Amino acid sequence: MIRVLIADDQELIRESLKIVLGIHEDISVVGVAKDGYEVLQMLERQQVDVILMDIRMPGMDGVYCTKEVKNRYPKTRIIILTTFDDDEFVFGALKYGASGYLLKGVSMDELYNDIITVYQGGALINPDIANKVFSMFTRMNAQNLYIQVDEADAAQVSEAEWKVVRLVGYGLSNREIAQKLYLSEGTVRNQLSSVLSKLNLRDRTQLAIWAVQTGKTLKDFDEHA
């Protein structure tokens, strides 16, 4: 029996997946979670074989939760299931140990087969996303896109600004960052401008690459502080 946990901030999707997967005799949906915090809480009480993990969830998103799950429960497999195919999310989820990355348009039969594949130790990725990942790594290697920042400059970045850095690293727009951190877009723009000045970086693309390459996207903080 494959024990599956479904993590998605939309109740309709959680319950729909639970019903559809529940018809398979070899799959048991042992729980549902609305964000990464609930995932970690459930894993403390319940052994899980495969997690279907949404990317963009409030509180703790799927990329950060993937990192935490793989650190604490390395045998648990994770399939990222999302409507988004942002390059930064693809990079982050795979870097931190996701076994698969699929778009939510996948058929239920295909999803079932993919769960079996991952449970048995295989890996899978949507073909369109695979092309993006390959192109991204090829481009970074060809251009030697490793961004360096002086540690003394990084030490000047405030805790509030680190929150913006982390979300820029995940590819969020100013509007999305503002919504997630309960700030105005103007405040986000000002903080971003301040960070770029302190780190001597040209633009948010350089900041995003640096944040991912150095693990700054994993910096711990209380988003509601």
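Here the structure is a predicted model, which means the values were calculated and not measured.
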Contacts of Y112 meeting ring-ring contact (aromatic ring centres under 6.0 Å, His included) (sequence neighbours excluded), chain-then-number -> H24
Would a 4.5 Å heavy-atom cut-off, applied to side chains only, mark [X] and [Y] as touching?
X	Y	value
L81	V106	yes
E15	V32	yes
V4	V30	no
I115	D49	no
L17	L111	yes
V50	I79	yes
L183	Q191	yes
L181	V188	no

Check your understanding: Does the side-chain contact (heavy atoms from CB on, under 4.5 Å) test come out yes or no for Y101 and I55, once each step is laid out?
Key -> CA-CA 10 Å; Y101 194 112; I55 281 279; 4.1 Å; yes
If I compare all heavy atoms of [X] with all of [Y], which pair ends up nearest, and what's the gap?
X	Y	result
S99	R77	OG-CD, 3.8 Å
A154	L199	CA-CD2, 3.6 Å
P58	D9	CD-CB, 3.5 Å

Worksheet entry | Basic-acidic side-chain contact under 4.0 Å: E159, K163 | no
Show, in sequence, the C-alpha distance, side-chain angles and deciding distance for L40 and E68, and conclude whether the side-chain contact (heavy atoms from CB on, under 4.5 Å) test is met. CA-CA 8 Å; L40 296 179; E68 289 297 307; 4.1 Å; yes
Which of V69, L43, V39, I78 passes side-chain contact (heavy atoms from CB on, under 4.5 Å) with V48? It is L43
To the closest 0.5 Å, what do you measure between [atom1] ([X]) and [atom2] ([Y])?
X	Y	atom1	atom2	answer
D153	Q148	CG	CD	12.5 Å
T76	M53	OG1	CE	9.5 Å
T187	L192	OG1	CG	12.5 Å
I51	K70	CD1	NZ	8.5 Å
R14	L52	CZ	CG	13.0 Å
Y73	Q47	OH	CD	10.5 Å

Taken in chain and number order and not counting sequence neighbours, the residues that satisfy side-chain hydrogen bond (donor to acceptor under 3.5 Å, both in side chains) with N113 are none
Residues passing the side-chain hydrogen bond (donor to acceptor under 3.5 Å, both in side chains) test with K18, sequence neighbours excluded, are none
Taken in chain and number order and not counting sequence neighbours, the residues that satisfy side-chain contact (heavy atoms from CB on, under 4.5 Å) with Q41 are E38, R45
What's the verdict on side-chain contact (heavy atoms from CB on, under 4.5 Å) for L207 and L196, showing C-alpha distance, side-chain angles and the deciding distance?
CA-CA 7 Å; L207 179 61; L196 293 175; 4.0 Å; yes
Would R3 pass as a cation-pi partner of Y119, given that its NZ or CZ must be under 6.0 Å from the six-membered ring centre and within 45 degrees of the axis? no
Between S194 and S197: side-chain donor-acceptor atoms closer than 3.5 Å
no
Contacts satisfying salt bridge (Lys or Arg N to Asp or Glu O under 4.0 Å) that involve residues 103-117 (not counting sequence neighbours) are D8-K104, D54-K104
Residue pairs passing the salt bridge (Lys or Arg N to Asp or Glu O under 4.0 Å) test with at least one member in residues 187-199, sequence neighbours excluded, are E161-K198
* To do: For side-chain contact (heavy atoms from CB on, under 4.5 Å), just list the numbers for R56 and E176, CA-CA rounded to whole Å, side-chain angles, deciding distance to a tenth of an Å, and then say yes or no.
  => CA-CA 11 Å; R56 300 197 185 193; E176 290 170 324; 2.4 Å; yes
* Heavy-atom donor-acceptor pair, T66 side chain to G62 backbone, under 3.5 Å -> yes
